[in-house]
Engineer: 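After the C-alpha cells below, expect a handful of questions from me.
Below, each value reflects all heavy atoms present in this structure, side chains not excepted, and no hydrogens, waters or symmetry copies. Index from 1, following the sequence.
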Amino acid sequence: MQVTKNFKFSELKITGIKSINGKRVENNPKEREIINLCKLTFYLLQPIRDLIKAPLVIQSAFRSPAVNQAVGGAPSSQHILGQAADIHCNTISKLDLFKMIGSQLDYDQLIYEVDANCLHVSYVDSGANRREIMIRGKIDSKLVYTFLTKEELKNLHHV
C-alpha cells in the first residue's frame, strides 16, 4: 500500500513475522499504530525525502513490544507507538542530514546515534512535537543522551 509518493508500507518493515536471534516474533501494528505511521510518513519521512531529493533507507519503524524488547529498545520507545523510524541516506552524510532535519522540519525527537549508522526521528502531532535534538553515545556500555539547542546544532561540525 502506498502511503506517500515515495513510501510504501512495505518499506517501513512493519508487518509480519520477524526473526530475531533465531526466534520468530510477530510485528503487526494495530489501527492506532497504523494511523501514527501514516502521520510519521506524511509529515516527516516524506518531507525529509523531498528536502534531500534522494531515497531514505528505513532501518526500523514500528516495533511490537516483543520485537522492541528483543532488539534492546527502551520500554517507552516511540517505535512501539508507530511514531518513530531509524533512517539513513546513502547520498548525504549523517551529520548533514541531522542538521538539515533539525533546522528545517517539524519533529518530536531527532537523535544522532553515534553507535549506529542511523538517525532516530519521531513525529507525534503538529503542536505536540517537543522538537528535542539529541546525540546518543555510550559511556562504559551505558547509553548517554546529550541535548542540543538549535544554536548548538547550527554550530556542530563533527560528532
Side-chain angles (χ1 to χ4, degrees), residues 3-7 9 11-14 20 27 29 32-65 67-159:
V3 182
T4 65
K5 68 181 178 180
N6 294 108
F7 291 98
F9 263 130
E11 291 177 82
L12 300 176
K13 301 178 175 95
I14 57 171
I20 301 172
N27 196 56
R32 176 90 289 338
E33 289 86 17
I34 291 171
I35 290 168
N36 288 339
L37 285 163
C38 288
K39 287 182 191 178
L40 172 70
T41 306
F42 187 83
Y43 292 110
L44 187 56
L45 298 179
Q46 185 63 51
I48 293 169
R49 171 71 171 76
D50 293 342
L51 184 67
I52 63 175
K53 297 177 179 29
L56 277 181
V57 177
I58 311 298
Q59 291 178 230
S60 176
F62 171 76
R63 295 182 200 145
S64 68
V67 168
N68 190 63
Q69 182 179 18
V71 300
S76 61
S77 174
Q78 288 178 292
H79 287 279
I80 296 170
L81 303 173
Q83 296 175 333
D86 295 330
I87 64 169
H88 76 269
C89 179
N90 294 323
T91 61
I92 185 172
S93 76
K94 189 163 89 167
L95 180 58
D96 287 343
L97 183 58
F98 183 63
K99 291 175 78 169
M100 288 173 75
I101 295 167
S103 64
Q104 298 182 45
L105 298 174
D106 188 22
Y107 51 87
D108 185 55
Q109 289 186 325
L110 171 61
I111 305 172
Y112 186 105
E113 298 183 352
V114 175
D115 56 318
N117 182 34
C118 65
L119 299 177
H120 170 94
V121 296
S122 67
Y123 185 90
V124 176
D125 255 322
S126 178
N129 291 319
R130 297 170 286 179
R131 298 188 56 86
E132 293 179 334
I133 305 166
M134 293 174 260
I135 297 175
R136 184 187 87 183
K138 283 187 180 179
I139 298 177
D140 297 327
S141 300
K142 185 174 181 173
L143 292 177
V144 177
Y145 293 83
T146 303
F147 285 81
L148 300 177
T149 65
K150 287 271 191 180
E151 191 62 29
E152 290 168 326
L153 176 66
K154 180 181 170 185
N155 295 319
L156 191 63
H157 298 291
H158 67 281
V159 177

Engineer: CG of Leu51 to CD1 of Ile92: how many Å apart, nearest 0.5 Å?
Structural biologist: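 Output value for this atom pair is 7.5 Å.
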Engineer: Is the backbone N or O of Phe42 less than 3.5 Å from a side-chain atom of Thr4, with the two atoms forming a donor-acceptor pair by type?
Structural biologist: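 No: the side chain of Thr4 does not pair with the backbone of Phe42.
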Engineer: Looking at side-chain heavy atoms only, is the closest gap between Leu156 and Tyr112 below 4.5 Å?
Structural biologist: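 No. Closest side-chain heavy atoms not under 4.5 Å.
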Engineer: Applying salt bridge (charged side-chain N to carboxylate O under 4.0 Å, His left out), name anything that partners Lys5, two or more places apart in sequence or on another chain.
Structural biologist: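 For Lys5 the salt bridge (charged side-chain N to carboxylate O under 4.0 Å, His left out) partners, ignoring immediate neighbours, are Asp50.
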Engineer: Is there side-chain contact between Asn6 and Leu56, with at least one heavy-atom pair below 4.5 Å?
Structural biologist: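 A side-chain contact under 4.5 Å is absent here.
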Engineer: More than 12 foreign heavy atoms under 6.0 Å from NZ of Lys150: is that the case here?
Structural biologist: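 Enclosed.
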Engineer: When rounded to the nearest 0.5 angstrom, what distance separates CD1 in Ile35 from CG in Leu40?
Structural biologist: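 Answer rounded to 0.5 Å: 14.0 Å.
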Engineer: Under a 4.5 Å cut-off applied to non-hydrogen side-chain atoms, are Phe98 and Leu153 in contact?
Structural biologist: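 Result yes, sub-4.5 Å side-chain heavy-atom pair found.
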Engineer: Can you tell me how far CZ of Phe9 sits from SG of Cys38, rounded to the nearest 0.5 angstrom?
Structural biologist: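 Interatomic distance, Cys38 SG to Phe9 CZ, rounded to 0.5 Å: 4.0 Å.
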Engineer: Nearest 0.5 Å please: distance from the OG1 atom of Thr146 over to the CD1 atom of Ile111.
Structural biologist: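 One finds 11.5 Å between OG1 of Thr146 and CD1 of Ile111.
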Engineer: Is the number of heavy atoms from other residues, nucleotides or ligands within 6.0 Å of CD (Gln46) greater than 12?
Structural biologist: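 Yes, CD of Gln46 has more than 12 neighbouring heavy atoms, counting only those of other groups under 6.0 Å.
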Engineer: Check side-chain contact (heavy atoms from CB on, under 4.5 Å) between Val124 and all other residues, then give those that pass, not counting sequence neighbours.
Structural biologist: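 side-chain contact (heavy atoms from CB on, under 4.5 Å) list for Val124, sorted by chain: Gln78, Gln83, Asp108, Ala128, Asn129.
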Engineer: CZ/Arg130 to OG/Ser122 distance, rounded to the nearest 0.5 angstrom?
Structural biologist: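 If I round to the nearest 0.5 Å, the distance is 6.5 Å.
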Engineer: Going by salt bridge (charged side-chain N to carboxylate O under 4.0 Å, His left out), name the residues that satisfy it together with Lys39, two or more places apart in sequence or in a different chain.
Structural biologist: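 Salt bridge (charged side-chain N to carboxylate O under 4.0 Å, His left out) list for Lys39, sorted by chain: Asp125.
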Engineer: Name all pairs fulfilling the ring pair (Phe, Tyr, Trp, His ring centres under 6.0 Å) condition that reach into residues 120-142, sequence neighbours left out, sorted by first residue then second.
Structural biologist: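 Residue pairs passing ring pair (Phe, Tyr, Trp, His ring centres under 6.0 Å), neighbours aside: Tyr43-Tyr123, His79-His120.
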Engineer: Can you find a pair of side-chain heavy atoms, one from Val121 and one from Tyr107, that are under 4.5 Å apart?
Structural biologist: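 Val121 does not reach Tyr107 side chain to side chain.
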Engineer: Using modelled atom types only, decide if a donor and an acceptor are shared between the side chain of His157 and the backbone of Asn155 within a distance under 3.5 Å.
Structural biologist: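 Yes; judged by distance alone, with no hydrogens or angles, the pair exists.
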Engineer: Please list every donor-acceptor pair under 3.5 Å in which a side-chain atom of residues 133-145 meets a protein atom from a residue at least two apart or in another chain.
Structural biologist:
unit_1: Arg136; atom_1: NE; unit_2: Asp115; atom_2: OD1; d: 3.2
unit_1: Arg136; atom_1: NH2; unit_2: Asp115; atom_2: OD1; d: 3.0
unit_1: Arg136; atom_1: NH2; unit_2: Asp115; atom_2: OD2; d: 3.0

Engineer: Which pairs pass salt bridge (charged side-chain N to carboxylate O under 4.0 Å, His left out) with one or both residues in residues 79-94, sequence neighbours excluded?
Structural biologist: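 As it turns out, the salt bridge (charged side-chain N to carboxylate O under 4.0 Å, His left out) pairs with a partner in residues 79-94, which skip direct neighbours, are Arg63-Asp86.
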Engineer: State, yes or no, whether a side-chain contact exists between Ile87 and Ile101 at a heavy-atom distance under 4.5 Å.
Structural biologist: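 Yes, at least one pair of side-chain atoms sits under 4.5 Å.
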Engineer: Tell me the closest heavy-atom pair linking Ile52 and Cys89, and the distance in Å.
Structural biologist: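 Result for this residue pair: CD1-SG, 3.7 Å.
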Engineer: Specify the closest pair of heavy atoms between Ala74 and Ile80, including all atoms of both residues, with the distance to one decimal.
Structural biologist: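 That closest heavy-atom pairing would be O-CD1, 4.3 Å.
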